[in-house]
Amino acid sequence: MPDRAPQPVDRQLPTEESRELMALVRDIVQREIAPRAAEEEEAGHFPREVFSLLSEAGLLGLPYDSAHGGGDQPYEVYLQVLEELAAARLTVGLGASVHTLACHGLAGFGTKEQRTEHLPAMLGGGLLGGYCLSEPASGSDAASLRTKAVRDGDDWVITGTKAWITHGGIADFYTVMARTGVDGPRGITAFLVPGDAEGLTAAAPEKKMGMKGSPTAQLHFDGVRVPDARRIGDEGQGFTIALSALDGGRLGIAACAVGVAQAALDAAVAYAGERRQFGRPVADFQGLRFMLADMATQIEAGRSLYLAAARLRDAGRPFSRQAAMAKLFCTDAAMRVTTDAVQVLGGYGYTADFPAERYMREAKVLQIVEGTNQIQRIVIARHLAGPESR
C-alpha cells in the first residue's frame, strides 16, 4: 500500500469533551485496530480483546445514562465514533453498533431495578451483547416470528431458533424477542437472556462474503428458562421495543457505511496519487478525478444525512423516516464508492494485497442488515403516503 496517510475527517463536534473522546478513539484505532484489521479478517479472527478495551475506555455505552455506566453522549457523537471504528474495521464498528442495539431494550424499557442490576456490566463491564429478532422464516416480516416463550410459574421457557445473529455463540447476553401471545406484533415480548443459559446453543457461524471476523450464527433455544425478572417491558410490548431499537440501529449502520466508504476513498486517493501511467500520476487524469469527486460527494452527503437524523433523535423529535433514509442512502452510497475504489486501483483493486476488495465485500452486507434497503423504502413511503391498502 502507498505510505501516504489519509487526513482525518474534519468533524464538527459539539463539546470539548466530545473532541477529546474522538482523539481517544483515533488513538485506539491507530494502535489496536487498523494495523491488524486485514490479517485478522482474512483469518476470521474475532477481536474480543478490542471490545474489552473499548468497554474499559467507556466506548460501548456512549449514548446511555452515566448513572448506569454509560457515556452520556448524544447520538450525534456516538455515531461519529462508530464511523471511525468502521473505517478501521467494520467487524468492530458494526459490533459496537449491535452491542448498543442489544442494550437499548433494557435501557429504554426496563425497570429501575433491572437497569441498576444489569446495565453497569452491559455498558462498561466488559460484556458483549447480541440482538435476537430475525428467524429462519421471518426476516423482513419480523412480526411473524415463531420462537415461543411460555409462562411457568415465575419463569418463562423459551423454545425456537433465531437466525443471522451477530455475535451469535460468543455474546454474554442477548435481547430476545419471543411470542407470548396472539399472532402478529401484539403477541411478542422481549427478554434479557444470559449467553450461558442452559439449553441455549449456537450453530456453526455462517460462511460469509465479508466480515469474516464477525461471527453470525443461528441460536437454538431448547427450553431455555428465564426468570420473569428478566422480561423487558410489558407482555406484548416486545415488537414496539424492537422497532424502537431498530430506528437507532439503522443510524448505526448508516454511520458504519460512511466509515467503510471513507476508508475506500482514502485508499483510492492515496493509490491514484502514487500510481504512474504515461509518465504522470493517474490522479491527473480527468476521468479518474471526476470519479474521486463523486465518491467524496456521496460520502459527505451520507454523513450529513445520518447526522441530521441523529440531531432529531437527540432533540427528542421523531426520526424514524430520517433513520430509514440515512440507512438507505448511506449503504447504497457505500456500495457505489467501494466498487469505484476497486476500479480506481484497477487490477490491484481485485487483489487481497490492497484493502479495496475487502471494503467492497463488506459494504454489501450493510444494504441487508437492520432491514434491507427495500424495507427502508417501504418505511419511507409509509411516512409519505400512509400504509398500503389491503
Side-chain angles (χ1 to χ4, degrees), residues 1-12 26 29-30 33-35 37-39 41-42 80 82-91 93-94 209-212 253-307 325-368 373:
M1 277 296 295
D3 293 331
R4 181 183 303 175
Q7 294 298 311
V9 175
D10 182 14
R11 301 194 179 279
Q12 305 302 309
R26 286 172 170 167
V29 161
Q30 292 167 8
I33 302 175
E39 178 183 355
E41 279 298 317
E42 181 64 23
Q80 294 188 77
L82 286 187
E83 184 191 328
E84 293 276 343
L85 294 174
R89 187 176 178 188
L90 183 58
T91 285
L94 187 139
M209 178 190 300
M211 288 191 68
K212 297 178 181 179
I253 298 303
C256 286
V258 171
V260 172
Q262 183 68 58
L265 174 63
D266 290 342
V269 170
Y271 180 86
E274 298 195 8
R275 172 69 168 172
R276 298 182 69 84
Q277 292 288 280
F278 306 101
R280 54 180 173 156
V282 297
D284 283 354
F285 296 102
Q286 188 180 73
L288 192 144
R289 295 173 76 87
F290 282 5
M291 185 181 293
L292 295 175
D294 286 344
M295 294 161 71
T297 300
Q298 292 175 79
I299 291 168
E300 288 290 347
R303 184 177 291 123
S304 296
L305 190 57
Y306 87 63
L307 285 174
M325 288 177 169
K327 198 274 183 182
L328 168 64
F329 181 88
C330 293
T331 58
D332 280 354
M335 195 70 248
R336 290 191 297 268
V337 168
T338 55
T339 302
D340 285 347
V342 171
Q343 191 71 20
V344 169
L345 271 69
Y348 291 110
Y350 200 67
T351 72
D353 294 329
F354 291 76
E357 61 85 27
R358 173 165 62 88
Y359 298 145
M360 181 178 171
R361 288 185 288 105
E362 291 178 340
K364 184 62 207 175
V365 75
L366 299 174
Q367 295 178 301
I368 299 171
N373 283 4

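Side-chain atoms are counted along with the backbone in the values below, which use heavy atoms only and exclude waters and symmetry mates.
Looking at heavy atoms from C-beta onward, Glu300 lies out of side-chain contact with Val9 at the 4.5 angstrom threshold. Residues Leu345 and Thr351 fail the side-chain proximity criterion, which asks for heavy atoms closer than 4.5 Å. Annotation: side chain of Lys327 is in contact with side chain of Asn373 (closest heavy-atom distance under 4.5 Å).
Of the inter-residue distances, the one linking Ile253 atom CD1 with Ile368 atom CD1 reads 11.5 Å to the nearest 0.5 angstrom. Here the straight-line distance linking atom CD of Glu41 with atom NZ of Lys212 works out to 9.0 Å at 0.5 Å rounding. Atom CD of residue Gln262 and atom CG of residue Leu265 lie 5.5 Å apart, to the nearest 0.5 angstrom.
Contacts of Gln367 classified as side-chain hydrogen bond (donor to acceptor under 3.5 Å, both in side chains), with partners at least two apart in sequence or in another chain: Asp332, Lys364. For Arg276, there are no side-chain hydrogen bond (donor to acceptor under 3.5 Å, both in side chains) partners, not counting sequence neighbours. Applying the side-chain hydrogen bond (donor to acceptor under 3.5 Å, both in side chains) rule to Glu83 yields the partners Arg11, Arg303, Tyr306; only residues at least two apart in sequence or on another chain are considered. Residues meeting the side chain to side chain contact (heavy atoms under 4.5 Å, CB included) test with Ala88, sequence neighbours left out: Val29, Ile33, Ala34.
The nearest pair of heavy atoms linking Val260 to Ala86 is CG2-O, 4.0 Å. Here the closest heavy-atom approach between residue Arg361 and residue Met209 is recorded as NH1-O, 2.7 Å. Shortest non-hydrogen contact noted between Ala255 and Leu82 is CB-CB, 4.3 Å. What you find for Ala272 and Val344 is that their closest heavy atoms are CB-CG1, 4.3 Å. When all heavy atoms are compared, the tightest approach of Phe329 to Gly302 is CE2-N, 3.5 Å. Taking all atoms of both residues into account, the shortest heavy-atom contact from Leu90 to Cys256 is CD1-CB, 3.8 Å.
Listed by first then second residue, pairs satisfying side chain to side chain donor-acceptor pair (under 3.5 Å) with a partner in residues 335-350 read Gln298-Arg336, not counting sequence neighbours.
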Compile the donor-acceptor pairs under 3.5 Å between side chains in residues 279-293 and protein atoms, sequence neighbours left out, one pair per line.
unit_1 : atom_1 : unit_2 : atom_2 : d
Arg289 : NH1    : Ala283 : O      : 2.8

